[in-house]
Each structure stands twice: as C-alpha cells, then as structure tokens.
There are 2 protein chains.
Amino acid sequence: MNRSGTQLSSASQRWLKELRSAGYRLTAPRQAVVEIIANSEFLLDPQTLYDRARRRYPRLGLVTVYRTLEKLEEQGLVQRVHHPDGCQAFIAAVNGHQHLLICQRCNRVQYFSGDGERMGALMESVSQASGYQIQEHWLQLFGLCADCQASAEQ
Amino acid sequence: MNRSGTQLSSASQRWLKELRSAGYRLTAPRQAVVEIIANSEFLLDPQTLYDRARRRYPRLGLVTVYRTLEKLEEQGLVQRVHHPDGCQAFIAAVNGHQHLLICQRCNRVQYFSGDGERMGALMESVSQASGYQIQEHWLQLFGLCADCQASAEQ
DNA sequence: CTGCTTGCAAAGGATTTGCACCTTA
DNA sequence: TAAGGTGCAAATCCTTTGCAAGCAG
C-alpha cells in the first residue's frame, strides 16, 4: 500500500523510485499517471492516459499528465512514438536500442531488437553512397497483432 | 510561360498536370506552392512553404498552402515526414518504396532503397517471433549531410 | 516551514472551417 | 456562368504558462 491507499505494481514502484532519486516528489496524481503508463502494452496519448488515470485519482488535471510525461521522458522511462496518424502517443521505454512493432488496429506495441549487424552494414553502405554521417536510425514495423488478426476473421 | 507569367520547372509542370487530371483546377496560388515544394531537396513545413511561395505569389494565404498540401498528399506527390522534432514537414514523394535519410542540421532529405531482401527477411523473422502480420515499415536514418559536415568543421 | 506540485483559467500555436468574393474551364 | 478555389476571420484542438492554493519532505 502507499499514500493513496492503492496497490502499486512493481514497475510503478521502480519508476517512482527513479523519479524520487531525480529529485521529484511522490504525489498521488503522479502515482496515478505512472501506474497506468508503466503497465500499458498499448500506445497512450495524453488524453487517454488522463481518462484512465482519473479513475484512480479523480481530481487529476490534464495538465499534470503533460507535466508527468515530460518528466518521465526526461528520465528515459517513456518514449514518444510517431506513427502515420499522429505523434502524441507514448509508451514505456526499454533500455538499449530497440525497434518498434505497432498494431495499427489496437495500438499494441512490442519491441524487437533489430539485427545490429545487418543494420550496421546497411548504414555503412548508405553512408558511403550518400556522404552523410549517420547518427541515428528509426525502424518501425506496422501491422496487426495476433489478437486483432483473430478478431478480424470473425 | 504560364498564366502567372513565370517559368515553371518540369517537375512542377508534371505535378500540375496530375492535379489537373485528378479534376483540380490550375490556379496561380497552387502553381506557386507546387513550384516550391516540387523542387525542394529539403523538408518544408507549411509556414516555410508559405513564406517561400509568397515571393512568387504575394496574395497567397496560408490556408491555401494547407489545402494544396492536402491535395498533393492525396495524389501521392508529397509525403509527410516524421522526425524527432516534429511531424509537420513535407517532401516530394518518390515512386515505390524508398527510405529516408535526413540531415538533422539543414533538413536536406535523400531517398535510399533499402535492401529489400534483408528487409524482407527481417520482417519475416519478426513476424514469426511476434505473431504480428506486418503490413508496413518505416526506416529512416538521421545524420549530417556532406555540406553540413564541411561547415561544422570550420 | 519551504519550495515543489497541482488544478484552474487563460494564453499560445497550429490547423480547420464558414463564408462572401473571385477565377477557371 | 456554374463550380471550384481563395483569403480573411473565426472556430477548434492540443499544449503550455501564470498563479494562488495545496502538499511532500
């Protein structure tokens, strides 16, 4: 149990500890926001996150969601995800470089580790051909997750 | 020469022809917008495009830029480009599936053809491992173009 | 207690819409 | 001359900021 009287997942507890050691305070609104996004397998935009977190902490303001996301992003706990229909969605971040696999129907997200060797070779050859000095890369796959394939068959 | 009394590049002429055959009219404001973006190697956001196109057609309104971009995107002549600092930039599209190489300093964009075979193999293995049915992919590289590397050395 | 946090309200910025006028075909 | 296109102004939508009151530490 914690100060808001609700159970917190272990992921939330870890995130809150990280925020704490970065000098931020532990407050009930923050706990509510963290608890939702730390445990979501789906992309969440600020409004959706707000709607869900408000079920835990009804006095929550949308502004606090934006401010909390800002701090979580700064601590590397969440990352913003760009996709064809917008760029305001967030998902829990992972350590190290990983690529994203996104369901276009339900927004479920999964990470996969790109083939580092092939990727390196590709970047090397593009760099040679173009004269660019490459610093970063994005690789994202879009499709239908297993659940959505199943429900589409109905 | 054309109805606005200015020279048009061959790329613009082709684009305008495509708009025409899609049922849209050829107007001076549209020509101004098309002439800028059809010939740019750099990402352009609506405001920048507006500023440049207004030098050709001063009475242009920003709204017309938005409406023209909408039609160009719909015809597959431009594509929206997402990058870490925003998603409101556009660039001339190419036929077939190509990947993007973007200069983080000057916004120059270049297309490169991903290694289709490796990419296919990667998607196949991710698909197997995740159960996702993959429909689309994004591959973008970010770095410094040759010009920007040179000017950074000064 | 002190200063970080919060929620509200207002400000901002980007994009879209309503509308009367204008231009293309 | 009919239908589509244009620019202005206003409306929207999303996000950020200012501020007084509320809490964490």
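In the text below, chain A, chain B and the rest are named by the order of the sequence lines, each starting its count at 1.
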Q.
As a test of reading the structure: which of D/dG5, C/dT5, C/dG7 is closest to the side chain of A/Tyr24, going by heavy atoms?
A. C/dT5
Q: Check each of A/Arg52, A/Arg54, A/Gln47 against A/Tyr50 using the side chain to side chain donor-acceptor pair (under 3.5 Å) test, and report the only one that passes.
A: A/Arg54
For [X] and [N], give me the distance from atom [atom1] to atom [atom2], rounded to whole Å.
X: B/Leu72; N: D/dG5; atom1: CG; atom2: P; result: 13 Å
X: B/Tyr50; N: C/dA14; atom1: OH; atom2: P; result: 13 Å
X: B/Arg20; N: C/dT24; atom1: CZ; atom2: P; result: 12 Å
X: B/Leu69; N: C/dT16; atom1: CG; atom2: C1'; result: 14 Å
X: B/Glu70; N: D/dG5; atom1: CD; atom2: P; result: 11 Å
X: A/Glu73; N: D/dT16; atom1: CD; atom2: C1'; result: 15 Å
X: B/Leu62; N: D/dA10; atom1: CG; atom2: P; result: 16 Å
X: B/Arg59; N: C/dT23; atom1: CZ; atom2: P; result: 6 Å

Q | Parallel, tilted or perpendicular: rings of A/His83 and A/Phe142 (30°, 60°) | A | parallel
Q: Could you tell me whether the side chains of B/Asp45 and B/Thr48 share a donor-acceptor contact shorter than 3.5 Å?
A: yes
(Q) Both B/Val63 and B/Gly23 contact DNA chain D. Which one's nearest nucleotide lies toward the 5' end? (A) B/Gly23
**Q.** Result of checking A/Leu19, A/Leu8, A/Leu26 against A/Val34 for side-chain contact (heavy atoms from CB on, under 4.5 Å)
**A.** A/Leu19
Q: On DNA chain C, check which nucleotide each of B/Arg25 and B/Arg67 is closest to and give me the residue with the more 5' one.
A: B/Arg67
For a quick test of reading the model: is some side-chain N or O of [X] closer than 4.0 Å to OP1 or OP2 of [N]?
X: B/Arg54; N: D/dG7; answer: no
X: A/Thr27; N: C/dT6; answer: yes
X: B/Arg30; N: D/dG5; answer: yes

Q: Could you please spell out the steps behind the side chain to side chain donor-acceptor pair (under 3.5 Å) verdict for B/Glu18 and B/Tyr24?
A: CA-CA 9 Å; B/Glu18 295 223 21; B/Tyr24 297 115; over 6 Å; no
Q) Which is true for B/Gln47 with a 4.0 Å heavy-atom rule: it touches a base, it touches only sugar-phosphate, or it touches nothing? A) nothing
